[in-house]
Every structure is written in structure tokens, then in C-alpha cells.
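Worksheet: one structure, shown below.
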Amino acid sequence: AVYEWDAFTGKRIGESVLKSCSYTGVAVTPDGKTTFAAGSDKTLKEIADSQILREVPANETTLTSVALSHSGRMLFAGTIKGTMWSVKYPLTIPGEWQEHQGHGAAITKMKITYDDQYLITVGEDASILLWKIQDKEGRGLKR
């Protein structure tokens, strides 16, 4: 389940319950209105207002983590195979992504630096990788 809480009042204000999925990764848009979640059901979900807006199949690959840039323009996912996906954003169905091999085991955590220049991934293979984020033309992102 994905629950949304009001941090000020401590009250739950939204939920998206799906008993068939154990979530392992989540990312939220900068405005706090949309959540992206990955889990055991081999899909990437886009959730807003407690409703699943899009459910993108991951081609029989289990996604383990999700990261969204601070600019809200780039989405990345980690897999159980240790690959990092650069996901086309906004999401499309079917989903589109570029897959990059980096880890020898599942990616467990993903974070993007504050300036959106690097993606940092941690894997079950006990390694930490820094990925330089660039656009299709090889340029760094401007903020």
C-alpha cells in the first residue's frame, strides 16, 4: 500500500492499497501531487489522488527502486538484475526506457544529487555507483 500523510496534523489523507504488490521503491514529484512506486508486481505505477493513473509493465523485470530528479523532468528505476533504467517521462504505455548495466546484483537504493547532475545507486553487490546525468546530446542538465 502507498499511504499519504499530512506531516503537520499526523493524519492520513490518502491511500492506494494493492494487496498483490509489495512496494520497494517510491518517488514523489516536487509539487507532492504524484507518486511513482515500484514493487513485486513488475510494474511502475503513477499514483495521484489515491488512484493509479498509469501502470507501466516492466517486461517481466522486478523494479526495486525509483528516483525522480529535483527538476521533476527525469525518472530512473533500479532493477533486481542490477540494471539502471532511464525512463521516458512523462510515463507512456507501453513504457520506454534505456537500460544500463552497472551492478552485479539488485539495486537497493537510488538518489539524485541536489543539482540533478548525478544519480547515485547502491547495490546488493556492496558497491556504490555514481552516474553522470546527461541529455541525449551528452550535455549536463541546466537548472
Side-chain angles (χ1 to χ4, degrees), residues 1-136 140-143:
V2 175
Y3 296 105
E4 184 178 354
W5 297 85
D6 182 318
F8 183 71
T9 64
K11 295 189 190 278
R12 187 166 62 198
I13 57 175
E15 64 181 38
S16 176
V17 178
L18 187 64
K19 295 189 186 294
S20 62
C21 181
S22 295
Y23 292 105
T24 55
V26 65
V28 180
T29 55
D31 64 9
K33 294 182 178 178
T34 305
T35 301
F36 297 93
S40 62
D41 66 350
K42 300 179 179 168
T43 65
L44 177 60
K45 292 177 185 54
E46 181 177 357
I47 303 167
D49 297 322
S50 300
Q51 301 294 318
I52 297 174
L53 301 180
R54 285 180 196 79
E55 200 166 349
V56 179
N59 292 347
E60 296 304 311
T61 299
T62 301
L63 301 176
T64 56
S65 53
V66 183
L68 182 69
S69 66
H70 296 90
S71 67
R73 296 182 5 226
M74 301 168 296
L75 184 65
F76 301 93
T79 74
I80 200 163
K81 301 183 301 183
T83 56
M84 182 275 292
W85 290 5
S86 176
V87 181
K88 182 175 181 182
Y89 183 75
L91 291 181
T92 58
I93 296 178
E96 294 180 46
W97 57 82
Q98 291 182 334
E99 186 172 37
H100 306 278
Q101 184 69 52
H103 290 276
I107 292 175
T108 56
K109 301 278 188 232
M110 301 179 91
K111 295 289 180 192
I112 297 177
T113 57
Y114 182 76
D115 59 4
D116 285 347
Q117 295 296 306
Y118 293 93
L119 170 69
I120 303 163
T121 57
V122 178
E124 285 182 358
D125 59 357
S127 64
I128 299 172
L129 298 181
L130 276 69
W131 307 78
K132 175 79 171 146
I133 299 173
Q134 298 177 328
D135 63 14
K136 287 186 237 175
L141 297 175
K142 296 183 175 90
R143 287 190 47 90

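Just so you know, these numbers use all the heavy atoms, side chains as well, and skip hydrogens, waters and symmetry mates. Each residue takes its place number in the sequence, starting with 1.
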For [X] and [Y], work out which heavy atoms get closest and say how close.
X: M110; Y: A77; answer: SD-C, 3.6 Å
X: S40; Y: S20; answer: OG-O, 4.0 Å
X: Y3; Y: R12; answer: CE2-NH1, 3.0 Å
X: A38; Y: L63; answer: CB-CB, 3.6 Å
X: I120; Y: T113; answer: CD1-CG2, 4.0 Å
X: S71; Y: P30; answer: C-CG, 4.2 Å

N59-T61 side chain donor-acceptor pair, cut-off 3.5 Å: no
Inspect the surroundings of CG in D6 and state if more than 12 heavy atoms from other residues, nucleotides or ligands are less than 6.0 Å away. yes
Please say whether more than 12 non-hydrogen atoms of neighbouring residues, nucleotides or ligands are located less than 6.0 Å from OH in Y23. yes
Any chance you could measure [X], atom [atom1], to [Y], atom [atom2], to the nearest 0.5 Å?
X: I80; Y: S65; atom1: CD1; atom2: OG; answer: 11.0 Å
X: T34; Y: D49; atom1: OG1; atom2: CG; answer: 8.0 Å
X: S86; Y: M74; atom1: OG; atom2: CE; answer: 8.5 Å
X: M84; Y: W131; atom1: CE; atom2: CH2; answer: 4.5 Å
X: L119; Y: I107; atom1: CG; atom2: CD1; answer: 8.0 Å
X: E99; Y: K81; atom1: CD; atom2: NZ; answer: 4.5 Å

For E4, enumerate each residue passing the salt bridge (charged side-chain N to carboxylate O under 4.0 Å, His left out) test, keeping only those at least two apart in sequence or located in another chain. none
My understanding is that only one of L75, V56, T35, L91 makes a side chain to side chain contact (heavy atoms under 4.5 Å, CB included) with E46; could you say which? L91
ring-ring contact (aromatic ring centres under 6.0 Å, His included) contacts in which one or both residues fall within residues 76-96, not counting sequence neighbours: F36-Y89, W85-W97
List in chain and number order the residues that pass side-chain contact (heavy atoms from CB on, under 4.5 Å) with [X], two or more places apart in sequence or in another chain; answer none if no residue qualifies.
X: V122; answer: T108, K109, I128
X: E55; answer: D41, T43, K45, I52
X: D31; answer: T29, K33
X: T92; answer: K88, E96

Taking the side chain as every heavy atom from C-beta outward, state whether Q117 and I133 have any pair of such atoms under 4.5 Å apart. no
